[in-house]
Amino acid sequence: MGADIQVEGRAAIEAVGRALRGVRAYSADPPRACGAPIMLAHFLLVPLLAALPQDAPVDDFARQLAAIVPSGDELAWRSVPWRAELRTALVEASRLPKPVLLWAMNGHPLGQT
Amino acid sequence: MRARRSVWTDEAVQALLAQFVTVADEVGRLQRGEDAECAVFKSFCEQGHYGGRMEPTGTRQGIYAVAPSGRFLASINHTDPQRVAEMLRTALQRWQELPEAERRLDDEQVKKLEGTKRFEDRYPGDGLVLAEYLRDLDAKGEQRDWRTRAWNEDQAWFTRDEAASMVPERAEVGATADVPARLVERLARLHLVDSVRGQTPSFGKQAVVVAELQSEVVQVEAQQVHLRFVGKTHVETKGRWVITDRGEPVDHERGVRTGLSGRAVWDRASRRFVSFELLASGERWGATQYNGRPADLQPTPIGFGFVLAGKDHPRVAPAFWWDYELR
């Protein structure tokens, strides 16, 4: 899929999302800092947009999916570069060296809580 | 959870976080486990905000700042960005005051940490990993009420062989395949659960009423096979359990019923899905202790969306990883 198609498809999903939830479906300005733009592109938008046929309006399936997948605003907290395992963070931090900031919850904070 | 997440978008907090190696992890395993990673956590968490506390719960949830050596610097369990920022500044001050020799791990400690085992070690990099999201459909209520806008997430994992078993043998339009029942049951029991507002237990095998999913080839383009998925699930259970935080057990029932639809593209050369989208929409009913449904016991609409997880998606074990039978 070309970049132009992706832009059009993303805009269509944004419009549907806004109408459905009253919030922006995807932020046109990705959250700050390193990980978020890449994450949004890779694990939210690319698979969604790749499935849209060229020149087709957003179909009902895409509309329903867009109503569930979180928006850029809802994922803004992921702009922090969270490692997902304490063990790797400790080893990485020791090599730098830097202190470690651990966010620990019942249910993984980057998964189901 | 929504309030906790908002802490991390505060500008002052983000500026301070840049001076740390930031990590998120599941506290239950860290508290109960016996390996080197859990031992480090247990060595510092008791010096923190919940140290020694067992009532009302024994949780050690929170935000901890530590030296890589495990030396405790500061901690807090709060959603106020100003309080969190204050804790981070305290931690950085203590880090500066900490002798160099007490900051790092020694070689033996690194070796032990790198030798720990986690379910994440079984990440099916050559299989199928789906990012899952769920939320109420047609949620009523004020937008400013977190329950109206609540959502949760998870990951669904499938090995290379399990992913391949979802694809019809013949790459011909109209060819169909029944996705193996145990994989659909994995979705129904472990993923199509009502955790929109908070954690909830999975469903046992005996709770499965229906778990069906079929794939059909709709188009073949060179090495790429385009598939359509259709199916349904229904899980329900009755028993006696607590349905409000700190309540008493009551006779109750809960369940989830969904219709499944999806589309995917299978690449025959690499034997992998290059796109995958699955939608499960239906209704949930009942409540559990922590899933925030005491006023929503009757059936209400719920939706689950699964999309292919990108290579930068966090590698986090599925919520009910202990019930996974990856083959």
Side-chain angles (χ1 to χ4, degrees), chain A residues 21-23 31-33 35 38-48 50-51 61-62 64-70 73-113, chain B residues 1 5 8-9 14 17 20-28 30 37 40-41 59 61-68 73 91 95 103-105 110 113-114 116 118 120 131 133 135 143 151-155 195 199 261 263 275 277 279 281 303 305 307-316 319:
Chain A
R21 293 207 301 278
V23 297
R32 288 173 291 130
I38 294 172
M39 281 193 283
L40 280 172
H42 279 274
F43 75 84
L44 286 179
L45 297 177
V46 171
L48 277 172
F61 179 85
Q64 291 182 65
L65 202 52
I68 296 168
V69 174
D73 287 346
E74 291 175 310
L75 290 172
W77 59 280
R78 284 214 171 145
S79 62
V80 175
W82 298 107
R83 290 78 175 163
E85 299 178 5
L86 178 60
R87 59 180 179 176
T88 49
L90 290 169
V91 172
E92 178 187 343
S94 187
R95 290 185 181 134
L96 289 171
K98 270 187 169 182
V100 171
L101 191 285
L102 167 67
W103 177 25
M105 289 194 69
N106 287 109
H108 199 297
L110 305 181
Q112 190 173 108
T113 56
Chain B
M1 184 56 181
R5 288 172 170 166
W8 310 118
T9 58
Q14 289 207 339
L17 287 178
F20 294 83
V21 169
T22 46
V23 56
D25 211 337
E26 205 284 315
V27 77
L30 291 174
E37 183 181 35
V40 172
F41 177 76
T59 185
Q61 283 195 133
I63 304 165
Y64 297 85
V66 298
L73 298 175
W95 167 256
R103 291 183 176 183
R104 298 177 189 244
L105 296 161
V110 169
L113 281 170
E114 290 180 335
T116 56
R118 295 178 60 132
E120 282 82 358
Y133 304 98
R135 73 170 88 216
Q143 281 296 309
W151 61 277
N152 215 329
E153 64 181 304
D154 198 359
Q155 294 187 23
S195 60
Q199 289 182 298
S261 62
R263 53 197 185 193
S275 78
E277 297 159 352
L279 183 64
S281 56
V307 296
L308 202 63
K311 61 185 171 86
D312 290 330
H313 197 72
R315 290 192 177 192
V316 173

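Since we're looking at a predicted model, the values are computed, not measured.
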Student: Measuring heavy-atom distances to chain A, does B/Ile63 have an atom under 4.5 Å in its side chain, in its backbone, in both, or in neither?
Tutor: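 For B/Ile63, the contact with chain A is made by backbone and side chain together.
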
Student: When you look at B/Asn152 and A/Thr113, which way does the side-chain contact (heavy atoms from CB on, under 4.5 Å) test go after all the steps?
Tutor: CA-CA 7 Å; B/Asn152 215 329; A/Thr113 56; 4.2 Å; yes

Student: With heavy-atom distances below 4.5 Å as the criterion, would you say the side chains of A/Phe61 and B/Leu279 are in contact?
Tutor: yes

Student: To the nearest 0.5 Å, tell me how far A/Leu101 CG sits from B/Leu73 CG.
Tutor: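 Between A/Leu101 CG and B/Leu73 CG, I get 10.0 Å after rounding to 0.5 Å.
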
Student: Quick one: closest heavy-atom pair of B/Pro68 and A/Pro99, and the distance?
Tutor: CD-CA, 4.3 Å

Student: With a 4.5 Å limit on heavy-atom distance, are the side chains of A/Trp82 and B/Pro314 in contact?
Tutor: no

Student: With a 4.5 angstrom heavy-atom cut-off, is it the side chain or the backbone of B/Gln155 that approaches chain A, or both, or neither?
Tutor: neither

Student: Is the shortest side-chain heavy-atom distance between B/Val66 and A/Leu102 below 4.5 Å?
Tutor: no

Student: Determine whether B/Phe41 and A/Leu86 make a side-chain contact, defined as any pair of heavy atoms from C-beta on separated by less than 4.5 Å.
Tutor: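 They are in side-chain contact.
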
Student: Could you check if a side-chain atom of A/Pro109 sits within less than 4.5 angstrom of a side-chain atom of B/Trp8, using non-hydrogen atoms only?
Tutor: no

Student: Would B/Arg135 and A/Glu74 pass as an ion pair if we require N to O under 4.0 Å?
Tutor: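 Answer for the salt bridge query: yes.
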
Student: Among the options B/Val40, B/Val316, B/Leu113, pick out the one with the most heavy-atom pairs lying under 4.5 Å from chain A.
Tutor: B/Val316

Student: Between B/Arg104 and A/Arg95, is a side-chain contact (heavy atoms from CB on, under 4.5 Å) present by the stated rule, with each step listed?
Tutor: CA-CA 8 Å; B/Arg104 298 177 189 244; A/Arg95 290 185 181 134; 5.5 Å; no

Student: Measure from the side-chain N and O atoms of A/His108 to the backbone N and O of B/Ala24, and report whether any donor-acceptor pair falls under 3.5 Å.
Tutor: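 Side chain of A/His108 to backbone of B/Ala24: a pair is present.
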
Student: Any non-hydrogen side-chain atom of A/Val91 less than 4.5 Å from a side-chain atom of B/Leu105?
Tutor: yes

Student: What residue, out of B/Val110, B/Asp25, B/Val27, has the most heavy-atom pairs lying under 4.5 Å from chain A?
Tutor: B/Asp25

Student: One thing to verify: whether A/Arg78 and B/Glu153 come together as a salt bridge, which I'm taking to mean a side-chain N less than 4.0 angstrom from a carboxylate O.
Tutor: yes

Student: Which atoms of B/Arg315 are under 4.5 Å from chain A, going by heavy atoms: the side chain, the backbone, both sets, or neither?
Tutor: backbone

Student: State, to 0.1 Å, how close B/Gln14 and A/Ser79 come at their nearest heavy-atom pair, and which atoms those are.
Tutor: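 So the minimum-distance heavy-atom pair works out to NE2-OG, 2.9 Å.
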
Student: Return yes if some donor-acceptor pair links the side-chain N/O of A/Gln112 with the main-chain N/O of B/Asp154 below 3.5 Å, else return no.
Tutor: no

Student: For the atom pair CD (A/Glu85) and OG1 (B/Thr116), what is the distance rounded to the nearest 0.5 Å?
Tutor: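 It comes to 7.5 Å.
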
Student: Please report the shortest heavy-atom distance between A/Pro70 and B/Tyr133, naming the atom on each side.
Tutor: CD-CD2, 3.2 Å

Student: For each of B/Glu26, B/Glu120, B/Glu114, B/Arg103, tally heavy-atom pairs with chain A at distances under 4.5 Å, and name the one with the top tally.
Tutor: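 Top count of heavy-atom pairs under 4.5 Å with chain A: B/Glu26.
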
Student: For a 4.5 angstrom cut-off between non-hydrogen side-chain atoms, does A/Val100 reach B/Thr22?
Tutor: no

Student: Are B/Gln61 and A/Asn106 packed together at the side-chain level, in the sense that at least one heavy-atom pair is separated by less than 4.5 angstrom?
Tutor: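 Yes - at least one pair of side-chain heavy atoms lies under 4.5 Å apart.
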
Student: Write down the atom of A/Ala89, the atom of B/Val23, and the distance for their closest heavy-atom approach.
Tutor: CB-CB, 3.6 Å

